[in-house]
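What follows is one structure encoded as structure tokens, with my remarks underneath.
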Amino acid sequence: MMRSSQPLTGTNGRRCKEDEKLINATLRPGKRGYIIDTRSLNVAQQARAKGGGFEQEVHYPQWRRIHKCIERFNILQESLIKLVEACNDQSHNMDRWLSKLEASNWLTHIKEILTAACLAAQCIDREGASVLVHGTEGTDSTLQVTSLAQIILDPRCRTIRGFESLVVREWLQAGHPFQQRCAQSAYSNSKQKWEAPVFLLFLDCVWQILRQFPCSFEFNEQFLIMLFEHAYASQFGTFLGNNENERFKLKLPQKTMSLWSWVNRSEELSKFQNPLFEANSLVIWPSVAPQSLQLWEGVFLRWNRPSKFLDEAHEEMINIINYN
Amino acid sequence: VENVRLLDRLSSRKAAVGTLYLTATHVIFVENGSETRKETWVLHSQISSIEKQATTATGCPLLIRCKNFQVIQLVIPQERDCHDIYISLIRLARPVKYEELYCFSFNPKLDKEEREQGWKLVDLNEEYNRMGIPNNCWQISDVNRDYGVCDSYPTEVYVPKSVTAHIIVGSSKFRSRRRFPALSYYCKDNNASICRSSQPLSGFSARCLEDEQMLQAIRKANPGSDFLYVVDTRPKLNAMANRAAGKGYENEDNYSNIKFQFIGIENIHVMRNSLQKMLEVCELKSPSMSDFLWGLENSGWLKHIKAIMDAGIFIAKAVAEEGVSVLVHCSDGWDRTAQVCSVASLLLDPYYRTMKGFMVLIEKDWVSFGHKFNHRYGNLDGDPKEISPVIDQFIECVWQLMEQFPCAFEFNERFLIHIQHHIYSCQFGNFLCNSQKERRELKIQERTYSLWAHMWKNRADYLNPLYRSDHSQTQGTLHPQMAPCNFLYKFWSGMYNRFEKGLHPRQSVTDYLMAVKEETQQLEEELEVLGERLANLQKSQLNNNKVKSKQQDRSKQFGLSTSNNSLANTPQEYSNDLKSFPSRSPSQEDEDSALILTQDNLKSSDPDLSANSDQESGVEDLSCRSPSGGGCLPSEDSGKDSDEAVFLAV
């Protein structure tokens with residue numbers, strides 16, 4: 001599986017032999033490849049006017065292009081704002097809750113992202129085909145797809161260390177602009193141009209899969225919530241900056257501590273371990289039906305509902321397993 | 001009928017081809033050719049509706065919708081056969097006599113004494129004793145011993161000690177269906193009680209001395225409070241409209257020291273329509289998130305569940321926190337009243353959160369108090385306007401509570417789902433007819449078997465591993481969050497999408513924890529044995545004994561084997577673009593449609609297995625593995641199962 005940004009085809013239908021060579025080199029003998037474009041066909045076509053575009057069939061004959069639309073990051077931000085508002089709505093009216101939840105579209109985005117990731121994984125697992133994923137810049141929806149696909153396909157990504165590596169690889173090194181995206185979250189007085197909960201959506205998708213396969217992850221929900229928090233505000237330097245280049249220029253490795261160095265201490269790690277974990281070598285396929293996707297209460301209702309009874313249940317679970 | 005196809009409604013997977021059998025009690029589809037002869041059984045009692053769809057090139061489609069929310073799509077090759085099947089099923093699914101029901105032919109091979117014992121498992125006298133009755137305030141009355149006062153009430157009712165037969169009879173004449181105020185729950189800690197009745201026949205101005213005396217007696221039976229709540233669970237408008245028909249509600253001016261309260265739960269017709277709308281959403285093919293949420297909201301279902309719950313919470317609070325007694329009624333006092341009294345009891349008393357206690361609760365507030373099981377759940381063919389998912393709603397309230405308080409209930413989700421299943425299956429006699437009187441006339445206990453005995457035998461399958469009788473959640477009253485809490489009510493896919501296993505979490509936490517606990521218990525027993533042996537060894541001072549300890553691979557033993565590729569997995573259909581893909585990866589086994597059970601997945605408690613010991617059903621060469629009565633296990637069991645429903649994503 002490869003990821004990139006959009007090809008600069010433009011309105012003239014430019015081609016680049018090197019680009020074609022590069023991605024063709026990943027094709028397995030006798031097999032074709034799939035390009036998963038996270039923009040709708042329309043948006044991809046319109047991108048040409050600004051110099052961007054998509055891979056043309058005539059130049060990439062061994063590749064089949066599929067459009068799996070994931071909303072642009074600014075739409076995602078609006079979605080988050082609406083969702084948080086809905087969750088904090090103090091009215092007792094049941095009807096308004098469901099329609100507000102629906103109006104936020106948050107779960108729709110979850111469904112879109114998971115579906116695209118499952119598709120990418122299916123291409124690889126079922127057809128043994130190579131996959132190239134890109135959107136516009138390759139820094140948002142692209143990364144959601146590639147990282148989730150790996151969680152589906154690769155059991156190592158479901159271990160704590162494996163997941164940490166995944167985040168480092170597919171988000172930090174891949175250049176997801178954390179500084180721009182995770183500055184203000186849902187509450188800001190002014191409209192933020194670059195703000196978007198792209199990483200949070202990714203974590204939410206991971207949680208959805210975790211909920212469907214509770215024995216297949218070495219880490220628990222708390223781990224994901226911790227990562228969510230540190231992406232927005234942290235005493236560690238891991239999520240600072242927008243890419244490796246910036247982090248290097250800012251001398252972050254010299255001036256700050258790494259989140260991982262703290263998390264991976266055994267006394268910390270024990271809080272994040274999933275007592276139900278049983279390592280398996282499976283490819284795990286989540287259901288993307290609406291009934292299977294739920295609101296991530298641990299994040300969105302965290303402060304509006306008592307967690308006491310659920311915490312007690314979790315404790316009881318740990319007791320049962322530890323005693324055994 | 002041969003060459004019938006059974007479609008997987010949610011995917012484009014190839015249909016199974018086989019033979020369709022119709023027996024006196026079941027529809028059975030047996031798949032051709034495969035070594036395991038997969039069978040799908042559906043009890044006629046479970047059939048809610050049958051739809052004949054337009055004939056296509058491939059045949060004549062027939063859609064069977066079941067009361068336990070299973071939906072089966074068949075394609076019959078010949079139109080004539082399809083029509084015959086359709087007509088037959090219509091007749092079979094609408095029995096006219098009780099004797100046609102399965103419970104009268106079901107034979108679990110128990111002797112007469114065992115059958116009797118089964119019926120004695122739940123004893124309501126014992127239950128009232130447990131509550132602390134009779135005592136100096138409450139007593140049992142036999143005024144209704146021949147059902148002469150109220151034919152939908154039990155023979156034994158509990159009333160305040162100061163109430164005479166005269167008062168009871170007088171009050172009953174002033175109540176709809178003669179359902180006079182009677183005790184449902186007594187709280188011995190503070191003497192507060194929950195009583196239930198139907199609406200008074202007060203019209204605009206009628207009064208009844210005995211009825212007023214009855215309420216006064218109830219109030220006085222609680223010396224700790226100087227007033228009594230009267231809770232009318234109907235919307236105010238409906239109650240007021242009833243006055244024009246000579247019924248209505250209690251006037252605070254006429255009854256001394258009552259505080260009257262409307263709660264506003266909608267009637268059976270609204271609820272029936274609400275469920276219908278929700279099921280339509282469940283039947284949508286690859287709905288978007290918006291379709292689903294809109295549909296769910298439009299149905300209003302969760303809103304109704306919350307209304308019932310809120311009523312229960314109000315009553316529980318009145319009893320536990322204010323120490324005030326409550327009289328609950330609706331119109332006839334057998335639907336919303338039953339729901340609300342049982343929810344309140346569940347919140348108040350941890351006993352009802354145990355398995356046995358829950359059975360007792362249902363026997364008390366639903367069975368003995370004359371909830372019209374026959375009319376509501378269509379044992380026999382009747383008026384479709386009487387059908388309504390009343391007890392289903394109560395069962396869902398319990399599930400919602402289990403989600404909020406995971407440690408508080410001794411039983412698990414599967415327990416609830418199986419109870420719901422059997423309310424409709426008519427395989428056991430507990431939920432037949434409309435009243436105790438009718439059941440006794442039909443001699444139900446001598447001619448059928450009790451569900452409770454059957455479930456009790458299989459109780460290991462129904463346990464909640466997180467339950468501990470000394471846990472804080474299992475002591476005293478439960479206090480669900482009241483507001484804001486709309487978001488706490490979730491869609492119960494385990495019930496309404498019960499047979500679409502791909503929708504549910506593919507690994508079951510409950511099953512895993514139960515397996516761990518079982519293993520722990522075995523290890524403890526072993527430890528004990530070894531400890532004794534060690535003590536003996538030390539005594540006799542022998543040196544050369546080897547002690548073997550059993551290696552238990554927990555995962556293999558309890559079916560959570562993760563080296564087994566068929567565990568839990570097939571991709572859903574994520575895109576129309578990938579139709580060229582082979583339907584399965586070579587590393588995974590062929591999977592069955594969601595409707596089929598294989599032996600590995602069956603638990604002994606499963607409703608389907610229990611019916612198989614019946615040799616009298618008239619179908620030949622049944623293997624004991626055959627399921628009957630409706631298909632798959634609920635989501636709890638899907639940890640071992642590789643079946644999936646498949647979705648087309650947008």
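Residue numbers start from 1 in every chain, and the chains themselves are labelled A, B, ... in the order their sequence lines are given, proteins ahead of strands.
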Seminar exercise, completed: dist Ser292(A):OG -> His504(B):NE2 (nearest 0.5 Å) comes out at 7.5 Å
Exercise. Residues two or more places apart in sequence or in another chain: which of them pass side chain to side chain contact (heavy atoms under 4.5 Å, CB included) with Ser290(B)?
Worked result: Glu102(A), Asn105(A), Thr108(A), Ser288(B), Trp294(B)
Problem set entry | Under 4.5 Å from a heavy atom of chain B, the part of Leu301(A) involved | side chain
Problem set entry | Region of Glu112(A) in contact with chain B, defined by heavy-atom distances below 4.5 Å | neither
Problem set entry | Contact winner vs chain B - Ile209(A), Leu310(A), Leu295(A), Leu276(A), heavy-atom pairs under 4.5 Å | Leu276(A)
Seminar exercise, completed: Interface check, chain B: of Ala313(A), Ala103(A), Cys118(A), Cys69(A), most non-hydrogen pairs under 4.5 Å belong to Cys118(A)
For this session: Please flag which part of Glu524(B) lies under 4.5 Å from any non-hydrogen atom of chain A: side chain, backbone, both or neither.
Result: side chain
Exercise. Under 6.0 Å from the CZ atom of Arg468(B), do we count more than 12 heavy atoms belonging to anything else shown?
Worked result: yes
Exercise. Is the closest side-chain donor-acceptor distance between Gln393(B) and Trp301(B) under 3.5 Å?
Worked result: no
For this session: Please determine, among Val281(B), Leu293(B), Asn298(B), the option with the most heavy-atom pairs under 4.5 Å with chain A.
Result: Leu293(B)
Exercise. Aromatic ring centroids of Phe219(A) and Phe272(A) under 6.0 Å?
Worked result: no
